Amino acid sequence: MTERAANRAWRPQAALPRSFYEGQTIDVARALLGCSLVHHGAHGLRAGRIVEVEAYLGPRDKAAHSARGRTARTEVMFGPAGHAYVYLIYGMHCCMNVVTGPTGSGSAVLIRALEPITPPDARTNGPGLLCRALAIDRRHYGLDLTGDRLFVCAPIERGQAQERIVSAKRIGVEYAGAWAKRLLRFYLAGNAHVSRR
DNA sequence: TCATTGATGGTCT
DNA sequence: GACCATCAATGAG
């Protein structure tokens with residue numbers, strides 16, 4: 001946490017390969033916890049450690065945007081895994097997902113919160129906040145996450161006991177009937193940067 | 001501390 | 001025209 005932020009310059013590792021994203025969406029969601037989200041932009045390097053995610057399981061999942069059909073907005077969800085699905089919500093906030101599973105499955109994982117790395121005082125405890133902090137917006141729609149601009153890299157080894165993962169209901173999807181009750185939100189237990197505590 | 005509400009615009013009916 | 005995978009400001013208690 002503050003130790004990582006304060007000390008020697010943090011350097012991103014290699015981007016995770018496409019095979020990482022091609023797995024079962026729930027498995028990918030859980031595996032993303034602890035990984036670093038990295039953006040190399042005009043502003044320089046901005047990054048954070050993923051501490052909260054939500055899984056969206058494709059068109060059968062009534063909470064998923066892909067359940068509304070294949071449209072210009074959702075097109076990237078139906079493409080190959082390992083690409084960014086970025087959308088505008090409430091007219092002012094962007095949210096970022098990673099596309100998962102087999103091509104055509106329409107599944108993705110929403111990144112909901114980060115523990116900031118650079119800059120260390122950034123507010124990243126929500127899907128809109130983290131996009132703003134990392135300068136991610138709709139221009140990144142469809143971007144290949146196996147490139148070197150925007151990507152995820154493997155967890156930083158901490159030499160500590162592994163952090164426990166909590167499963168919970170997803171936020172803001174009450175309209176989705178039975179799917180709203182599914183425990184498809186995952187976060188690191190006790191982490192101070194989770195969006196709702 | 002909690003509940004409520006306004007901001008703001010793309011997407012879909 | 002309604003809805004929305006959000007956030008910040010506000011006001012009551």
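Computed from a predicted structure; not experimentally measured. Letters A, B, ... mirror the listed sequences (proteins, then strands); counts begin at 1.
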I need the [atom1]-[atom2] distance between [X] and [N], as an integer number of Å.
X        : N      : atom1 : atom2 : result
A/Leu88  : C/dT6  : CG    : C1'   : 10 Å
A/Tyr141 : B/dT11 : OH    : C1'   : 12 Å
A/Tyr90  : B/dT8  : OH    : C1'   : 12 Å
A/Tyr87  : C/dT6  : OH    : P     : 6 Å
A/Ile89  : B/dT11 : CD1   : C1'   : 10 Å
A/Asp137 : B/dG10 : CG    : P     : 13 Å
A/His65  : B/dT11 : NE2   : C1'   : 10 Å
A/Met92  : B/dT11 : CE    : P     : 16 Å

In the strands shown, is C/dA5 matched to any nucleotide by a Watson-Crick or G-U wobble pair with both distances under 3.5 Å, and which?
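Its partner: none found.
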Judged by each residue's nearest nucleotide on DNA chain C, which is more toward the 5′ side, A/Arg132 or A/Ile171?
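Its nearest nucleotide being more 5', the pick is A/Ile171.
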Mind checking the CZ-CZ spacing from A/Arg185 to A/Arg112? Nearest 0.5 Å is all I need.
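Interatomic distance, A/Arg185 CZ to A/Arg112 CZ, rounded to 0.5 Å: 6.0 Å.
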Think A/Thr71 has a side-chain N or O under 4.0 angstrom from the OP1 or OP2 of B/dC12?
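Looking at the OP1 and OP2 atoms of B/dC12, one of them is under 4.0 Å from a side-chain N or O of A/Thr71.
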Taking only the side-chain nitrogens and oxygens of A/Arg123, find out if one of them lies under 4.0 Å from OP1 or OP2 of C/dA8.
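For C/dA8, OP1/OP2 do have a side-chain N/O of A/Arg123 under 4.0 Å.
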With A/Val109 as reference, evaluate A/Thr25, A/Asn97, A/Ile26 under the side-chain contact (heavy atoms from CB on, under 4.5 Å) test and give the passing residue.
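Looking at A/Thr25, A/Asn97, A/Ile26, the match for A/Val109 under the side-chain contact (heavy atoms from CB on, under 4.5 Å) is A/Thr25.
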Once you apply a heavy-atom cut-off of 4.0 Å, does [X] come out as touching a base, just sugar-phosphate, or nothing?
X       : value
A/Arg68 : nothing
A/Arg73 : sugar-phosphate
A/Ala63 : base

Are A/Arg196 and A/Tyr187 in a cation-pi setup, meaning NZ or CZ lies under 6.0 angstrom from the ring centre and within 45 degrees of the ring axis?
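Negative - A/Arg196 is either too far from the ring of A/Tyr187 or too far off its axis.
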Of the listed nucleotides C/dA5, C/dT6, B/dA7, the one nearest the side chain of A/His93
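Closest nucleotide to the A/His93 side chain: C/dT6.
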Indicate whether any N or O donor in one side chain lies under 3.5 Å from an N or O acceptor in the other, for A/Thr100 and A/Ser107.
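Checked: A/Thr100/A/Ser107 side chains pair up, N/O donor to acceptor below 3.5 Å.
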Under 3.5 Å, is there a donor-acceptor pair between the A/Asn191 and A/Glu115 side chains?
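The criterion, which ignores hydrogens and geometry beyond distance, is satisfied for A/Glu115 and A/Asn191.
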